[in-house]
Amino acid sequence: MWLLSAVVVLLAIIVWLPEPGDELTAYVLFPLFGIVAFSLMWTHYIGGALRRYLGLDKDVLRTQFMVTSYIVLFCILVHPALLEFQLYLDGLGLPLQSLPAVYTEASERLAILAGATALICFLFYELHRFFRDKSWWTYVEWANVAAMLLILWHGFTLGGELKTDWFQTLWVFYGLSFVAAVIYSEYHKRRYDHGNELIT
């Protein structure tokens, strides 16, 4: 899982790399954090499904999950913050003013809303260390599954990197394998471990 995490981050960097001579502005930099965040979150779900399939103890992935979760948290905060800060510096105002001014099409605005909704879900998940044993925590788990799907669409709608054919194919693979991992983990959870966590 450490190797898989490194590979998906490397692929994110490769598809993001600016053209030689391009200025490294916040507009250029902010997409990288979004791609890295989603890619690492994808490894959490894939790792959870593989762990169940191989019959491994939960502690096997604990360190990888913890370390990459901190990286994800950093990335999901920096991703929108860089964009919104640069838009503010460019005189377009605060997010409620600047984002509608930049993203004018209905599909783009819906994708922004999807991203904001997903961010709230991801941030709420950070409370798992306090509430994961509660019976209602399963709703938070499923909210995060929905958030992952929202980010898939968010990326397809707004991500310039997804105009690259090989990464577009990879993004589709991420989506399909994510859905498969969630279905398998839910099946395993109901049949064997009766836990309330889909990810680890």
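None of these values were measured; they are calculated from a predicted model.
- The closest side-chain heavy-atom distance from H128 to V140 is not below 4.5 Å.
- Residue R132 holds its CZ atom at 13.0 Å from NZ of K134, rounded to the nearest 0.5 Å.
- Note on L10: it clusters hydrophobically with F173, by side-chain heavy-atom contacts below 4.5 Å among ILVMFWY residues.
- Linking Ile, Leu, Val, Met, Phe, Trp and Tyr whenever their side-chain heavy atoms come within less than 4.5 Å puts I183 and L176 in one cluster.
- The distance from atom CG of L4 to atom CG of L40, rounded to the nearest 0.5 Å, is 9.0 Å.
- Remark: T169 OG1 to Y174 OH distance equals 12.0 Å, nearest 0.5 Å.
- Taking the six-membered ring wherever Trp is involved, the centroid distance between the rings of W137 and Y125 falls below 6.0 Å.
- Looking at K189 and T138, their side chains come closer than 4.5 Å, going by heavy atoms from C-beta outward.
- Rounded to the nearest 0.5 Å, atoms OG1 (T117) and CD1 (I112) are 11.0 Å apart.
- Rounded to the nearest 0.5 Å, atoms OG (S177) and CD1 (I46) are 4.0 Å apart.
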Problem - Steps toward side-chain contact (heavy atoms from CB on, under 4.5 Å) verdict (F178, M41) - result: CA-CA 10 Å; F178 164 74; M41 283 189 284; over 6 Å; no
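- Checked by atom type and distance alone, the side chain of W16 pairs as donor or acceptor with a backbone atom of V28 at under 3.5 Å.
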Practice task
Could you walk me through whether F33 and L83 pass side-chain contact (heavy atoms from CB on, under 4.5 Å), step by step?
Solution key: CA-CA 11 Å; F33 292 97; L83 173 62; over 6 Å; no
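- For Y139, the OH atom counts as loosely surrounded, since its 6.0 Å shell holds 12 or fewer non-hydrogen atoms of other residues, nucleotides or ligands.
- No continuous path of hydrophobic side-chain contacts links L113 to M148 [ILVMFWY only; heavy atoms under 4.5 Å].
- Classification of the W136-F124 ring pair by plane angle, with boundaries at 30° and 60°, yields tilted.
- Judged as a side-chain hydrogen bond (donor to acceptor under 3.5 Å, both in side chains), the pairs with a partner in residues 85-94 (not counting sequence neighbours) are, in order, Y27-D90, Q86-D90.
- Residue F122 comes nearest to A147 through the heavy atom pair CE2-CB, 3.5 Å, listed as atom of the first residue, atom of the second, then distance.
- In this structure, H79 contributes its side chain and F30 its backbone to a donor-acceptor pair below 3.5 Å.
- Panel note: side chain T157, backbone H154; no donor-acceptor pair is recorded below 3.5 Å.
- Summarising the geometry of T43 relative to S5, their closest heavy-atom pair is OG1-OG, 3.8 Å, with the distance given to 0.1 Å.
- In plain terms, the two heavy atoms of G47 and L61 that are nearest each other are O-CD1, 3.2 Å.
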Please list, one pair per line, the donor and acceptor atoms closer than 3.5 Å that link side chains of residues 98-107 to other protein atoms, with sequence neighbours excluded.
unit_1: S98; atom_1: OG; unit_2: L94; atom_2: O; d: 3.2

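- A single hydrophobic cluster is not seen to contain both L127 and I120; linkage of ILVMFWY side chains at heavy-atom distances under 4.5 Å, directly or through other members, places them apart.
- Side-chain contact between L149 and V179: present, with at least one pair of heavy atoms (C-beta onward) separated by less than 4.5 Å.
- The closest side-chain heavy-atom distance from W2 to T63 is below 4.5 Å.
- When the side chains of ILVMFWY residues are joined at heavy-atom separations under 4.5 Å, either directly or via intervening members, L119 and L110 end up in two distinct hydrophobic clusters.
- Judged by distance alone, the side chain of D22 and the main-chain N or O of E19 form a donor-acceptor pair under 3.5 Å.
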Can you give the donor-acceptor pairs under 3.5 Å from side chains of residues 66-78 to other protein atoms, not counting sequence neighbours?
unit_1: T68; atom_1: OG1; unit_2: H44; atom_2: NE2; d: 2.7
unit_1: T68; atom_1: OG1; unit_2: Q64; atom_2: O; d: 2.6
unit_1: T68; atom_1: OG1; unit_2: F65; atom_2: O; d: 3.4
unit_1: S69; atom_1: OG; unit_2: F65; atom_2: O; d: 2.5

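- At least one donor-acceptor pair closer than 3.5 Å links the side chain of R51 to the backbone N or O of L56.
- By the 6.0 Å contact criterion, CG on L54 is enclosed, its count of non-hydrogen atoms from other residues, nucleotides or ligands being greater than 12.
- Here the side chain of W153 pairs no donor or acceptor atom with the backbone of A111 at under 3.5 angstrom.
- For the atom pair CG (L162) and CD1 (I35), the distance works out to 7.0 Å, reported to the nearest 0.5 Å.
- Residues F167 and W171 bring their aromatic ring centres within 6.0 Å.
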